[in-house]
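Below, all heavy atoms of this structure are taken into account, side chains as well, without hydrogens, waters or symmetry copies. Chain letters run A, B, ... following the sequence lines, proteins first, then strands; residues in each count from 1. Given the structure is predicted, the values throughout are model-derived calculations rather than measurements.
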Number of protein chains: 2
Amino acid sequence: MAKGHMAIGALARIAGCKVETVRYYELAKLMHPPERSPAGQRRYTEIDAKRLSFIRRARNLGFSIEEVRGLLAMVDDQEHSCDSVRATALSHLQNVQQRLADLRTMESVLGDMISECTGGTVPDCPILDALFSDHPEDNRAPSI
Amino acid sequence: MAKGHMAIGALARIAGCKVETVRYYELAKLMHPPERSPAGQRRYTEIDAKRLSFIRRARNLGFSIEEVRGLLAMVDDQEHSCDSVRATALSHLQNVQQRLADLRTMESVLGDMISECTGGTVPDCPILDALFSDHPEDNRAPSI
DNA sequence: ATAATACCTATAGTAACTATAGGTATTATC
DNA sequence: GATAATACCTATAGTTACTATAGGTATTAT
Ligand SMILES: [Zn+2]
Ligand SMILES: [Zn+2]
Ligand SMILES: [Zn+2]
Ligand SMILES: [Zn+2]
C-alpha cells in the first residue's frame, strides 16, 4: 500500500466504525467517493480519515445524518459562517435537552411503578395496574 | 354502530394514536384481530380500548414492542408472576438510565462547544474545530 | 502455489411506525 | 332516495442509520 493511502478496513479502524458504515456514508454522500486501486478497491488518504472521524464524532453527539451533511457542507464551503454552525449545534442541543426531559420523566414514572411492586406472586401487579389505569395525561407521546 | 362497539377511528382517538398504528399493532400481534362488520370493517370493544391504551402507555414509557409483547403475554396468561413483570420493568429502567447518561454527556459536550463559538464570521469555528480535533476517547459510540 | 483474509456489489433486514394508491363503506345532507 | 363527504379497507413502499448476507474478487502471508 503506497504510504498515505489505506484500504477501507484501516480507515474504519482509525475512526472506530465498521467497514460497511464507511461504504454507507459514501452512498449517503457524507464521504467523497475515494480513488480506487487498479483492481477497484477503495483507497483513502489522511484527509478522508479526518473527515470520517469528524462524522463519527458528530454522530456520537447525536447529530443526525442530515445535520452532519449540513455541517460538512459548511466545512467544504470553507467560507462557512460561524452563525450557521452555531445554529445547527444549538438546535441540536435543544433536541437533546428535550429528549433528556422525556427520559427523566420516564425514569421517574418507571421508578415509582417499580417501587410499588414487591415482586412476589401477587395476583394484581401494581406495574400492570399502572399501565392499565386511566390517567389521560399518560397518553401524551414524548417528543422525539 | 351497536353500543359497546366502535370503529377503528374512535378506538385510535381514545388511545391517542393513529389508525395506521392500530392496524400495525394487529399485524405485530399486540392487538387481537377484532370482529368485523358485515362489510369487513373492524369493530372494537371497550376491552380493546383498554388494551390499546395499555400498549400506548408502555410505549410512551419507552418499552419496546418486544417488551410490550412480553408484558401483554403476562396480562393474558393471568397467572403472571409479579416477578417477571418487575424484571422487565427494571431492565427497561436501566436501559433508560443508560440513555440518560449518554444524553447528559452529549448535552455537556455540546454546551461546551457552543459556548466557545461566538457566532460571528470567524474563519475557524470552534465547534467545527472540536469535531475535527483528535481526542480518541470521543470516538466511543454511546450505548443505545 | 495455496490459503487466509480483506475487499467488492447488490440486496434484504432491522424498529416502529407513516404514507401512499386505489378502492369500498358508512354517514350526513338535500 | 341520491349524492357527497368522510372513514374505512388492503397492499406496498418509505423513513433512519445502519447491519447482515450472498456470491465473488483482490491482496497478503506462508
Ligand atoms: Zn439534532
Ligand atoms: Zn408486580
Ligand atoms: Zn426497554
Ligand atoms: Zn463557530
Side-chain angles (χ1 to χ4, degrees), chain A residues 1-2 5-31 33-44 48 52 55-72 92 95 99 102 141-144, chain B residues 1-2 5-31 33-44 48 52 55-72 92 95 99 102 106 139 141-144:
Chain A
M1 198 79 53
H5 281 71
M6 59 192 123
I8 197 170
L11 184 82
R13 217 169 309 113
I14 288 174
C17 70
K18 303 203 175 179
V19 164
E20 294 79 22
T21 307
V22 180
R23 287 194 285 246
Y24 170 73
Y25 288 159
E26 183 179 333
L27 191 72
K29 312 267 184 208
L30 299 185
M31 291 295 286
E35 306 213 337
R36 300 284 184 136
S37 79
Q41 296 195 355
R42 291 171 179 83
R43 291 295 178 256
Y44 294 97
D48 296 316
L52 180 56
I55 296 170
R56 291 309 302 165
R57 286 192 201 98
R59 292 286 303 123
N60 287 341
L61 286 170
F63 286 97
S64 69
I65 291 287
E66 197 50 41
E67 285 167 331
V68 176
R69 216 193 305 278
L71 291 171
L72 286 170
H92 181 60
N95 207 308
R99 274 190 287 164
D102 290 335
S143 45
I144 304 170
Chain B
M1 197 79 57
H5 282 70
M6 59 191 122
I8 198 171
L11 184 82
R13 218 167 311 115
I14 288 176
C17 70
K18 303 202 176 183
V19 164
E20 294 78 25
T21 308
V22 179
R23 286 194 285 248
Y24 170 74
Y25 287 160
E26 183 180 333
L27 191 71
K29 311 267 185 209
L30 298 185
M31 291 295 285
E35 305 212 339
R36 299 285 182 134
S37 79
Q41 296 196 355
R42 291 172 179 82
R43 292 295 179 256
Y44 294 97
D48 296 316
L52 180 57
I55 297 169
R56 291 309 301 164
R57 287 192 200 98
R59 291 288 301 122
N60 286 342
L61 285 170
F63 286 97
S64 69
I65 291 286
E66 197 50 39
E67 286 167 331
V68 176
R69 217 194 305 279
L71 291 172
L72 286 170
H92 180 61
N95 208 306
R99 274 189 288 164
D102 290 334
M106 285 184 203
N139 277 0
S143 46
I144 308 173

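- Residues meeting the salt bridge (charged side-chain N to carboxylate O under 4.0 Å, His left out) test with B:E26, sequence neighbours left out: B:R42.
- Residue B:A7 is in sugar-phosphate contact alone, with no base atom involved, counting any heavy-atom pair closer than 4.0 Å across all strands shown.
- Proximity of B:N95 to B:R99: side-chain heavy atoms (C-beta onward) are separated by under 4.5 Å at one or more points.
- With rounding to whole Å, A:Q41 atom CD is found 8 Å from D:dT28 atom P.
- In terms of heavy-atom proximity, B:R23 sits nearest to B:I8 at CG-CD1, 3.5 Å.
- Mapping B:R36 and A:Y24 onto DNA chain D via the closest heavy atom, the residue that lands nearer the 5' end is B:R36.
- When each of B:G40 and A:A10 is assigned the nucleotide of DNA chain C bearing its nearest heavy atom, the one mapping closer to the 5' terminus is A:A10.
- The two residues A:V19 and A:A12 come nearest to each other via the heavy atoms N-CB, 3.9 Å.
- Between B:I14 and B:M6, the shortest heavy-atom contact is CD1-SD, 3.7 Å.
- Nearest-nucleotide positions on DNA chain D for B:R13 and A:Y25 put B:R13 closer to the 5' end.
- Contacts of B:F63 with the nucleic acid, taken as non-hydrogen atoms under 4.0 Å apart, are absent.
- Here CG of B:L72 is found 12.0 Å from CD of B:E67. Values are rounded to the nearest 0.5 Å.
- Contact check for A:Y44 versus A:V22: side-chain heavy atoms found under the 4.5 Å cut-off.
- Note: A:R59 CZ to A:L52 CG = 12.5 Å, rounded to the nearest 0.5 Å.
- The strand DNA chain C forms stems, runs of 3 or more Watson-Crick or G-U wobble pairs with distances below 3.5 Å, at C:1-30 with D:1-30.
- First and last contacting nucleotides of DNA chain C toward chain B (any atom under 4.0 angstrom from a heavy atom, 5' to 3' order): C:dA16 to C:dT27.
- The separation between A:N95 atom CG and D:dT16 atom C1' is 14 Å, rounded to whole Å.
- For the pair B:Y25/B:I65, a side-chain contact is recorded, criterion being any heavy-atom separation below 4.5 Å from C-beta on.
- If you measure from atom CE of A:M31 to atom C1' of D:dA17, you get 16 Å, rounded to the nearest angstrom.
- The residue B:R23 sits close to a base: some heavy atom pair falls under 4.0 Å.
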